[in-house]
**Q** 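Below you will find the structure I want to go over with you.
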Amino acid sequence: MSIVVVILAAGMGTRMKSDVPKVLHRVCGRPMVAYVADAARELTGTRPLVVVGHGAEHVQKALGDLADTVLQEPQLGTGHAVMQTRAALEGRADTVLVVYGDTPFISVETLRLMLDRHANETAAATLLTFRPPDPLRFGRIVRDKAGHVQAIVEFKEATPEQQTIRECNSGIKCFQAEWLWSHIGQLPVKHGEQYLTDLVELAVAEGRTVAASDSDPDEVMGIDDRVRLAWAEAKMRARINERLMLSGVTMIDPATTYIEASVTVGSDTLLLPNTYLCGKTILGHGCSIGPNAVLEDSVIGDRCVVKASFLEGATLEDDVDVGPFAHLRKGAYLCRHVHLGNFGEVKNSRLGPGTKMGHFSYLGDADVGADVNISCGVITCNYDGQHKLKTVIGEGAFIGSDTMLRAPVTIGKNAVTGAGSVVTHNVPDGALAYGVPARVKETQDSSA
Ligand code: UD1
Ligand code: MG
């Protein structure tokens, strides 16, 4: 059986009360529609076709090469949406599977079960149905006395009796492709829309079978509002955390450990409460992170410790310890055995192996050698109002407390700056500079 997947994602998602198209709302850092596209690709090995409309460019951009897209403009219902895919898909496969873009939990197994039933019953269409605890406004599955599916009735058009039916339409369906393309043009217009669900009645009228496959409500219920979005976030978070714990990561409290779908964590790493791992973060083996740490797009080596700190776009080699209360910004690169203590900020700077920066300092646009001591309150004055300027500190240097390094400036290897000095000129290797502005201390030999 050859299959193509259509993902409907053109609707506005009114109940989100948002300027952002519904399918772009994120669940654990990823737009909902990306999860659906993943499932489709895993099922078929090819890219799905996504019907876009509201915020089309944004949806297209978010999908990148996960999917192809086709535009539905204006949006005149789910049937009308599928009609827009006909030119691209007719003749390409013998089964067309339609999924909604707001069901991030849909699994490949569930789709396969539905497709098996579809094939076994040689049905014109097969519906994925579910029985939610509270059927609300979902379309209801109408069956005859013998139990054969007869129609899907939208809640607003259902009779009071039909409204008591508990079996609901998830919206996920598959069709025999030839039958779909020869009937999609016959959908009636209701309230200005064409409903995909009305194909069921057309098939039944022709004596064709419409099959139904039951499914887990949690998996297929669309994420329509922010309450449901928060539910989805919690469910996805639990799933991610469980996968990581089973792979050897310790979490003191998974309920307060927030990890986005794109993050990887090495085994024997300990994650303490209120840890957020986001974006393209990669964590090594045997680390301890948190409590109260945020790591975004950061790469962390093995055996690192990060306590109560904020890291964005930072890189830590092995055996680095950071915090509490440090802020590493984009381009912070800490080599092996660096110690960065409390209230330190580092931006676009490299700290060589074994360098220590214990308290209250700022390094921006600096290149710091190995085994340097940055004492309390050191600041690189790296911005002259127009340009970012560089500071170089040679290995083994000792930068005294409260030193201002007015960039561009170079401190030589093993050089020392006195407490409170304002360094405006380069300091040679091994020299001591002190005072405001700092002068290099003359040695016995040169003053003689
Ligand atoms: C739909 C079903 C309903 C089902 C429910 C499950 C129809 C007519 N009704 O109702 O039986 O119980 O889903 O969640 O299908 N879309 C487009 N273009 C459009 C309209 C919608 O692409 O012109 C997309 C939306 O972006 C969304 C999906 O189709 O991803 C479903 O649309 P939505 O408006 O949420 O339909 P429901 O009213 O929820
Ligand atoms: Mg919906």
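Atoms within a ligand are numbered from 1 in the order they appear, just like the ligands themselves. Throughout, residue positions are numbered sequentially from 1 according to the sequence presented. Just so it is clear, the structure is predicted and the values come from calculations on it, not from any experiment.
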**Q** Does the pair Arg143/Glu167 count as a salt bridge with the N-to-O cut at 4.0 Å?
**A**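 Yes, charged N to carboxylate O under 4.0 Å.
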**Q** Look at ligand 1 and say whether Gly222 reaches it with a heavy atom at a distance under 4.0 Å.
**A** no
**Q** Does any N or O atom in Tyr195 lie less than 3.5 angstrom from one in ligand 1, N or O only?
**A**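 Among all N and O atoms of Tyr195, none is under 3.5 Å from an N or O of ligand 1.
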**Q** Name the option, out of Gln75, Glu73, Gln72, Arg140, that contains the heavy atom nearest to atom 18 (N) of ligand 1.
**A**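 It is Gln72 that holds the nearest heavy atom.
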**Q** So among Leu316, Leu283, Asp321, which one has a side chain to side chain contact (heavy atoms under 4.5 Å, CB included) with Val306?
**A**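 It is Leu316; the other options fail the test.
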**Q** Could you tell me whether Lys190 sits above the aromatic face of Tyr195, with NZ or CZ closer than 6.0 angstrom to the six-membered ring centre and within 45 degrees of the axis?
**A** no
**Q** Quick test of your reading of the model: are Arg137 and Asp224 salt-bridged, counting only N-O distances below 4.0 Å?
**A** yes
**Q** What atoms in ligand 1 come closer than 4.0 Å to a heavy atom of Gly139?
**A**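 Going through ligand 1 atom by atom, the ones under 4.0 Å from Gly139 are 3 (C), 4 (C), 11 (O), 12 (O).
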**Q** Does Asp102 reach ligand 1 with a nitrogen or oxygen that is under 3.5 Å from one of the ligand's nitrogen or oxygen atoms?
**A**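 By distance alone, the answer is no.
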**Q** Report yes if some N/O of Gly77 lies less than 3.5 Å from some N/O of ligand 1; otherwise report no.
**A** yes
**Q** Give yes if a backbone or side-chain nitrogen or oxygen of Glu154 is under 3.5 Å from a nitrogen or oxygen of ligand 1, and no if not.
**A**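 The answer is yes, given that Glu154 and ligand 1 share an N or O pair closer than 3.5 Å.
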**Q** If we only count N/O pairs under 3.5 Å, is Gly11 in contact with ligand 1?
**A**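 In this structure, Gly11 places an N or O atom under 3.5 Å from an N or O of ligand 1.
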**Q** Under a 4.0 angstrom heavy-atom cut-off, which atoms of ligand 1 come close to Ala81?
**A** 17 (C), 18 (N), 22 (O)
**Q** Can you tell me which portion of Cys168 lies within the under-4.0 Å heavy-atom range of ligand 1? Options are side chain, backbone, both, or neither.
**A** neither
**Q** With heavy atoms of Arg137 as the reference, note each atom of ligand 1 found under 4.0 Å away.
**A** 39 (O)
**Q** Assess the pair Phe130 and Phe138: is the distance between their ring centroids shorter than 6.0 Å?
**A** yes
**Q** Are the side chain of Ser298 and the backbone of Ile282 linked by a donor-acceptor contact shorter than 3.5 Å?
**A**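 Not a single qualifying donor-acceptor pair exists.
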**Q** I'd like to know whether CD of Glu178 has more than 12 heavy-atom contacts from other residues, nucleotides or ligands below 6.0 angstrom.
**A**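 Counting other residues, nucleotides and ligands, CD of Glu178 stays at 12 neighbours or fewer.
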**Q** Should Asp365 and Leu389 count as side-chain neighbours, where that means a heavy-atom distance under 4.5 Å?
**A**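 Result no, sub-4.5 Å side-chain heavy-atom pair not found.
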**Q** Is NZ or CZ of Arg30 both nearer than 6.0 Å to the six-membered ring centre of Tyr35 and within 45° of the ring axis?
**A** yes
**Q** Looking at Val322, Leu295, Val294, which one forms a side chain to side chain contact (heavy atoms under 4.5 Å, CB included) with Phe310?
**A** Val294
**Q** Give the single entry among Leu8, Thr197, Val82, Ile7 that approaches atom 24 (C) of ligand 1 most closely by any heavy atom.
**A**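 Shortest heavy-atom distance from atom 24 (C) of ligand 1: Leu8.
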**Q** Answer with side chain, backbone, both or neither: which part of Glu193 has a heavy atom less than 4.0 angstrom from an atom of ligand 1?
**A**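 Within the 4.0 Å criterion, Glu193 makes no contact with ligand 1.
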**Q** Gly101 near ligand 1, heavy-atom distance under 4.0 Å?
**A** yes
**Q** Below a 4.0 angstrom heavy-atom separation, can you tell me which part of Leu76, side chain or backbone, both or neither, approaches ligand 1?
**A** backbone
**Q** State whether Arg336 and Asp319 are salt-bridged, where the test is any N-O pair (Lys NZ or Arg NE/NH1/NH2 against Asp/Glu carboxylate O) under 4.0 Å.
**A**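 No, no charged N to carboxylate O under 4.0 Å.
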**Q** Decide whether an N or O pair under 3.5 Å exists between Lys173 and ligand 1.
**A**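 For ligand 1, there is no N or O atom that lies under 3.5 Å from one belonging to Lys173.
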**Q** For ligand 1, which atoms have a heavy atom of Asn169 less than 4.0 angstrom away?
**A**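 Close to Asn169: 2 (C), 3 (C), 4 (C), 5 (C), 6 (C), 11 (O), 12 (O).
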**Q** Is Met221 near ligand 1, meaning one of its heavy atoms is under 4.0 Å from it?
**A**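 So Met221 does not count as touching ligand 1.
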**Q** I want to check something: taking the side chain as every heavy atom from C-beta on, are Val368 and Arg350 in contact at a cut-off of under 4.5 Å?
**A** no
**Q** Side chain or backbone, does Ala10 bring an N or O within less than 3.5 Å of an N or O on ligand 1?
**A**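 Ala10 vs ligand 1: N/O contact under 3.5 Å present.
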